[in-house]
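Counting convention: from 1, in listed order, for ligands and their atoms alike.
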Amino acid sequence: DSDTTGLDLVLLMLLVHSPGHVCRYPLGMTGGKIQDEDISASSQWSESTAARYGRLDFHDGDGAWCPDAVAESSSLKEFLQVDLRTLHFVTLVGTQGRHAEGMGNEFAQRYRIKYSREGSLWVSWRDRQGSQIIEGNENAYDVVLKDLEPPIIARFVRFMPVTDHSMTVCMRVELYGCEWLDGLVSYSAPLGHEMIIRGQHVNLNDTTYDGAVGISMTEGLGQLTDGSWGLDDFTQSQVYGVWPGYDYVGWANVSFPSNEVEMMFEFDRIRNFSLMKVHCNNMYTLGVRIFQQAVCYFRSESDWEEKAVSFKPRVDIISPSARFITVALGNRMANAIKCHFAFSDTWMMFSEIAFQQSGVQHLSRRNPTHKTDDSNTRILVGCLVAIIVILLAIIIIILWRQVWQKMLEKAFRRMLDDELTARLSVPREAFTNSSTSDAESTSTYERVFPLDYQEPCGLRKSPEFRATENLVGSVSSQQILGDLPDMVPHYAEADVVRQQEVPSTRGYCIAAVGVPLAPGRDGALEEFPREKLTFKEKLGEGQFGEVHLCEVRGMQDFMNKDGSGPCNEPFLVAVKTLREDATKNARNDFLKEIRIMSRLRDPNIIRLLAVCVESDPLCMITEYMENGDLNQFLSRHELQTSTTDRLFHTLIHMATQIASGMKYLSSLNFVHRDLATRNCLVGTNRTIKIADFGMSRNLYRADYYRIQGRAVLPIRWMSWESILLGKFTMASDVWAFGVTFWETLMLCKEQPYSQLSDEEVIENTGEFFRDQNKQVYLPKPACCSDAVYCLMQSCWMRNAKERPTFQQIHSTLMECQGYLHTD
Ligand SMILES: *[C@@H]1O[C@H](CO)[C@@H](O)[C@H](O)[C@H]1NC(C)=O
Ligand SMILES: *[C@@H]1O[C@H](CO)[C@@H](O)[C@H](O)[C@H]1NC(C)=O
């Protein structure tokens, strides 16, 4: 069942903004999809030259549509009309004269096009230079194709031959394009302004707007829906021979006292909106920036609904490139949307706005620049080239899909099999050197995506370690816990270790409190007496067991053998139990987790205190901290402006501790895989310890994404390579740290990427992978300094090697803390 997920993802990645998707399908004059009754004309010469004979490449009747030439005075108004039934995006038209196997010689040398979206308001098409006249045919048989630049969005299209009365004209036509799925029928906006920069006039008007242009623009479509996006430098354009600023519609803040521009979008019917994408210029050196905020209102009946959607894009202080900003519209139903775009600088410029509706596959409608062909040979060459290109594209897509499918399947299967999050573990990648069975799949990844991960050094397994592994399960717990060489456990060791039954050997229990489990040490391993645990509260429930909050008395006596246990007061512990009916694999994992946990010794990592494994249910007793988890702790906290500096200091102190704990884990080459505030516990004096039982808790269910109901993934915390390639490394923990750090500074008031749905988060992951500046980053938290945000962002570098190590993060934060202290 991972296949479909993989495939969906591939489709998602191929379809969502694949540039160069060509919207140039014949709409059905030749193919017959357009019915006879949808083809009409102002007049006809005879029954055999009626409108329905005006189909390109058809020879029926007298071979074309010919208007009534007698009515000379009306010849300027003759037209052949095609009703496409729904709105279409028309990018290309083809015309032909009447040949009728040598009998005819009538054709239109020039023609104009009019179009209408609803059938009453007609607009004359103009090219980008403002001309209405299209050069047509030169003989009666050749097809002449003309690109419509700008393209038309319409339901009705009229071809109007331009004649000089001296000759009869006949036409056969075809339209090319695709259906206009956006459903947008008009937008209105204030008139674009003129900018004068370095003595150059930059006109930011909406040149192709086809509605009414008065004090503002209403009831039309134009440049913002023409499928072409402006360049980073707004004074330049890909269109030849136009003035500076042609691609953009832009406004200066001086004319808007409210500091925002209102735009309204009207649709053909009530639709369910998931996203709006706004292509914005960001040449901040010239005072142009992406909007600071968008607030959108919805109307489905006659009134605007009160509840608005507002969105603040991340303010990018680094890149001046133009980009699409995605505004999540939260699946609201509406047939009109009104958005207020707030200025963040003197100028705001848009070149394209598109809407995506729930359940509608949005195809990019970018229109490649295309030379007009007007002779037979050119058409032939063009067609051949097109066919070759299409074939190549198909081959590439098939290959690409196969590769991706393979990789994604592997990645997903791996994630599913790993059951992912429940434990602290070491990535397989760390062991490619010694684990040959894994080498193949790893090399596949490496070949396709040379991500060049640094193999953590010194991780080759020693022979002794292997021996230990093989012994585990059949020997005493002392060997499990005490004889481990200082070596990292292999994540895939479940394959090696096959635990039979839990041996009921006397003394198969340990208390790890304060006892360094050095090899050879004769730790007295006793079962922790269950009766000393007093159940207080259920913290959570997982697939294989539960986590309880318990109170313990007499832990002191139990641990006194070492004399370094916690104080004698009753204190809180977290008790993780394994369900009695758990599978053998789950049991093995549980014991493995015990083994791993028992080796962790750091002031910022939750400690395993004791275990009960003599009888079912198996349980492990870990520290719990009186202030609960960091997420709850912080979200209870109210931001008081008077103490912002102090608060910031406290938050940095907390983050430093998390970094310190992670530094320790990374020194052991442990990969946590689920670092998040929900997995950090808060003690007295705001000590923070990293734990790992977040996923079993109902409270945080929304933080995990369920794949086919099986594995659950904390996708909002996961690096792109973890999601797409199943790679979990120290560097992906660093990514998660960045997100955790963000949560902390946001006081956990917001889920990461809260505006995005799970699917959109995965889509965003694809953008991180493609790295075309379309990825959305978490925004800078309010109380965060630039330097700290910079550190945070460095955790989300696409190249894992460029992310800082926990060592570096920790020392940076320590410095930062020192600096704050001396302030
Ligand atoms: C837009 O500005 C250009 C350049 O100044 C001008 O030629 C053109 O007529 C204007 N178009 C509209 C629709 O205002
Ligand atoms: C326009 O934006 C600039 C830059 O942000 C600002 O200095 C100026 O005050 C704004 N003008 C108005 C009228 O809001």
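With respect to atom 10 (C) of ligand 1, the closest heavy atom belonging to the protein is N205 ND2, 2.4 Å. Shortest contact from atom 5 (O) of ligand 1 to any protein heavy atom: N203 ND2, 2.8 Å. The closest protein non-hydrogen atom to atom 7 (O) of ligand 1 is W243 CZ3, 4.1 Å. The protein heavy atom nearest to atom 12 (C) of ligand 2 is N253 ND2, 3.5 Å.
Within a 4.0 Å radius of atom 14 (O) of ligand 1, the protein contributes at least one heavy atom. Inside a 4.0 Å radius of atom 2 (O) of ligand 2 there is at least one protein heavy atom.
In the vicinity of T346, heavy-atom distances shorter than 4.0 Å reach the ligand 2 atoms 2 (O), 3 (C), 4 (C).
The structure places CD of Q109 at 7.5 Å from CD of E138, a figure rounded to the nearest 0.5 Å.
Under the rule for a disulfide (SG to SG under 2.5 Å), the partners of C296 that lie at least two apart in sequence or sit in another chain are C339.
The residues E149 and R128 are annotated as salt-bridged, a charged nitrogen and a carboxylate oxygen being separated by less than 4.0 angstrom. Salt-bridge formation is detected for the pair R299/E266: a Lys NZ or Arg NE/NH1/NH2 atom is positioned less than 4.0 Å from an Asp or Glu carboxylate oxygen. Between K780 and D786, at least one side-chain N (NZ, or NE/NH1/NH2) sits under 4.0 Å from a carboxylate O, which counts as a salt bridge.
Between P161 and A108, the shortest heavy-atom contact is CB-CB, 4.0 Å.
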